[in-house]
Amino acid sequence: MTFMPQSQNTIDPVKLEKLAEVAVKVGLQLRKGQDLVVTAPVVALPLVRLITKHAYQAGAGLVTAFYSDEETTLSRYQYGSDESFDRASDWLYEGMAKAYANGAARLAVSGDNPLLLSEQDAGKVGRANRATSTAYKPALEKISNFDINWNIVSYPNPSWAKVVFPDDPEPIAIAKLAKAIFAASRVDVDDPIAAWAEHNANLAKRSAWLNGERFASLHFRGPGTDLTVGLADGHEWHGGASTAKNGITCNPNIPTEEVFTTPHALRVEGHVSSTKPLSHQGTLIDNIQVRFEAGRIVEAKASRGEEVLNKVLDTDEGALRLGEVALVPHSSPISASGILFYNTLFDENASCHIALGQCYSKCFLNGATLSQEEIKAQGGNSSLIHIDWMIGSNKVDIDGLKPDGSRVPVMRQGEWA
């Protein structure tokens with residue numbers, strides 16, 4: 001008889017502890033007395049417990065966790081009434097928004113099965129996503145406007161691991177995914193906090209160069225792609241650590257390899273093809289191809305998940321426009337791993353990407369002082385959604401275009417020029 005260890009025994013407990021510590025001390029830089037709201041899959045309880053411990057050790061006020069469960073989610077699609085798919089728990093999201101308005105930090109643990117809803121009715125999936133996006137907007141605005149310090153980390157959920165490593169027995173798949181998460185999150189070294197300080201400094205140098213160039217737009221060229229992304233007036237590039245409006249410097253995404261800014265909502269032209277699948281709310285959307293005119297998507301298709309993609313684009317007018325453009329070298333550690341994670345937090349850090357929907361007010365000069373009207377006037381997009389998808393590879397070149405029309409090489413074959 002072969003003994004198959006429990007999933008938690010395949011995850012290095014020392015590195016899991018380091019991940020929890022990095023989430024609190026680097027990801028959030030939690031302030032003494034500050035409350036913390038955590039969302040996570042229920043299978044990530046071991047990590048949430050460690051995060052809670054480190055949060056209280058850092059002086060947290062009150063830590064409150066909300067859990068999701070895959071079987072519970074599926075039960076809704078199997079047994080829920082049709083009208084329920086046009087509703088969401090707005091009371092919950094209103095409460096979260098109130099917590100953030102009162103100074104709480106936010107931490108999300110990702111790791112859901114990217115294919116969870118792939119066999120469910122696409123119309124119901126789209127309606128539920130729209131209802132959730134609408135209800136979540138008050139909380140999302142606090143996050144996307146960087147009113148608070150926030151962070152996302154990941155846990156190797158068994159169902160996610162089996163999607164990434166389908167040919168391996170579950171314990172082996174979990175161990176492989178855990179190892180990949182720890183490496184990408186820089187917690188597989190002796191001093192992860194020092195490693196993050198060095199990494200943040202390197203990303204800051206890239207951002208500073210781009211800010212010094214003051215490009216009017218970026219031109220992407222590659223297979224299936226000829227796209228000009230106009231940049232918002234007064235845009236500002238960021239990467240790695242960011243200072244929220246509450247004065248706390250946080251690392252919103254762990255891992256992160258990107259430098260990013262805000263496109264101009266009205267100045268995107270051309271066509272672009274995705275280079276990796278997009279996992280969105282339990283649905284896989286693959287081989288996305290869209291065409292922009294005057295900043296707006298006028299044609300969209302996908303080889304898989306097209307119906308869900310179209311439902312996303314129907315969310316509101318802003319869902320058809322860009323809220324973010326990000327640059328990531330093809331040689332990033334996540335790309336070099338050769339692993340397709342089917343998880344945007346990781347896959348977006350293996351590739352240059354764009355995001356449909358809401359922009360980050362942080363990505364404007366003096367963004368903390370700008371009103372929503374001023375952000376819109378400078379080209380910032382507004383939407384209920386913010387969905388990243390990948391458009392970079394080692395076959396994509398990028399030029400920066402100056403206001404006078406001159407070109408500066410930014411990336412060649414996916415690497416910094």
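Any value given below was found using the heavy atoms of this structure, including those in side chains, with hydrogens, waters and symmetry copies removed.
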Table please: side-chain donor-acceptor pairs of residues 331-338 below 3.5 Å, with sequence neighbours left out.
| from | atom 1 | to | atom 2 | distance (Å) |
| --- | --- | --- | --- | --- |
| Ser331 | OG | Glu415 | OE1 | 2.7 |
| Ser331 | OG | Glu415 | OE2 | 3.4 |
| Ser332 | OG | Ser335 | N | 3.2 |
| Ser332 | OG | Asn349 | O | 2.9 |
| Ser335 | OG | His330 | O | 2.6 |
| Ser337 | OG | Ile334 | O | 2.6 |
| Ser337 | OG | Ile339 | N | 3.2 |

### Query
For Ser84, what residues pass the side chain to side chain donor-acceptor pair (under 3.5 Å) criterion, not counting sequence neighbours?
none
### Summary
Residue set satisfying side chain to side chain donor-acceptor pair (under 3.5 Å) with Asn113, at least two apart, ordered chain then number -> none
### Query
Angle class for the Phe146/Trp150 ring planes (parallel below 30°, perpendicular above 60°, tilted otherwise)?
tilted
### Summary of salt bridge (charged side-chain N to carboxylate O under 4.0 Å, His left out) pairs that have at least one residue in residues 222-238, sequence neighbours excluded
Asp233-Arg267
#### Entry: N-O pairing of Arg221 and Asp399 below 4.0 Å
yes
### Task
List in chain and number order the residues that pass side chain to side chain contact (heavy atoms under 4.5 Å, CB included) with Asp286, two or more places apart in sequence or in another chain; answer none if no residue qualifies.
Pro277, Ser303, Arg304
### Message
Could you check whether any side-chain N or O of Arg87 sits under 3.5 Å from a backbone N or O of Thr132, counting only pairs where one atom can act as donor and the other as acceptor?
### Response
no
### Query
Is there a donor-acceptor pair under 3.5 Å between the side chain of His353 and the backbone N or O of Ser351?
yes
### Task
Indicate yes or no for a side-chain donor-acceptor contact from Asn145 to the backbone of Asp147 under 3.5 Å, with no hydrogens or angles considered.
no
### Query
By side chain to side chain contact (heavy atoms under 4.5 Å, CB included), which residues pair with Ser371, not counting sequence neighbours?
Glu373, Glu374
### Query
Under the 3.5 angstrom rule, does the side chain of His199 hit a backbone N or O of Thr256 as a donor-acceptor pair?
yes
### Query
How are the rings of Phe260 and His238 set to each other: parallel, tilted or perpendicular (split at 30° and 60°)?
tilted
### Query
What residues form a side chain to side chain contact (heavy atoms under 4.5 Å, CB included) with Ala104, not counting sequence neighbours?
Asp35, Val37, Ala99, Tyr100
### Shortest non-hydrogen contact between Gly247 and Arg31, atoms and distance
C-NH2, 4.1 Å
### Message
My understanding is that only residues two or more places apart in sequence, or in another chain, count here; which of them pass salt bridge (Lys or Arg N to Asp or Glu O under 4.0 Å) with Arg106?
### Response
none
### Message
In terms of relative ring orientation, are Phe341 and Trp160 parallel, tilted or perpendicular, with 30° and 60° separating the classes?
### Response
tilted
### Task
Using a cut-off of 6.0 Å, state whether more than 12 heavy atoms not belonging to Asp190 lie near its atom CG.
no
#### Entry: Partner set under side chain to side chain donor-acceptor pair (under 3.5 Å) for Glu17, not counting sequence neighbours
Lys53, His54
### Query
What residues, two or more places apart in sequence or in another chain, satisfy side chain to side chain contact (heavy atoms under 4.5 Å, CB included) together with Ala355?
Glu324, His386, Asp388
### Message
When you measure from the side chain of Lys162 to the backbone of Asp168, do you find a donor-acceptor pair of N or O atoms at a distance under 3.5 Å?
### Response
yes
### Task
Apply side chain to side chain donor-acceptor pair (under 3.5 Å) to Lys25 and list each qualifying residue two or more places apart in sequence or on a separate chain.
Glu21
### Task
Would you check if the side chain of Arg130 reaches a backbone N or O of Thr315 as a donor-acceptor pair within less than 3.5 Å?
yes
### Query
Asn366 side chain to Thr369 main-chain N or O, any donor-acceptor pair under 3.5 Å?
no
### Task
Fit a plane to each ring of Tyr93 and Tyr136, take the angle between them on a 0 to 90° scale, and name the class: parallel (under 30°), tilted (30 to 60°) or perpendicular (over 60°).
perpendicular
### Query
Is it true that a side-chain atom of Asn211 and a backbone atom of Trp237 form a donor plus acceptor pair closer than 3.5 Å?
yes
### Main-chain N/O of Asp82 paired with Arg127 side-chain donor or acceptor, under 3.5 Å
yes
### Query
Under 3.5 Å, is there a donor-acceptor pair linking the side chains of Ser273 and Thr225?
no
### Task
Step by step, work out the side chain to side chain contact (heavy atoms under 4.5 Å, CB included) result for Thr262 and Lys362.
CA-CA 9 Å; Thr262 296; Lys362 177 74 178 174; over 6 Å; no
### Task
Quick one: list whatever passes salt bridge (Lys or Arg N to Asp or Glu O under 4.0 Å) with Glu83, sequence neighbours left out.
none
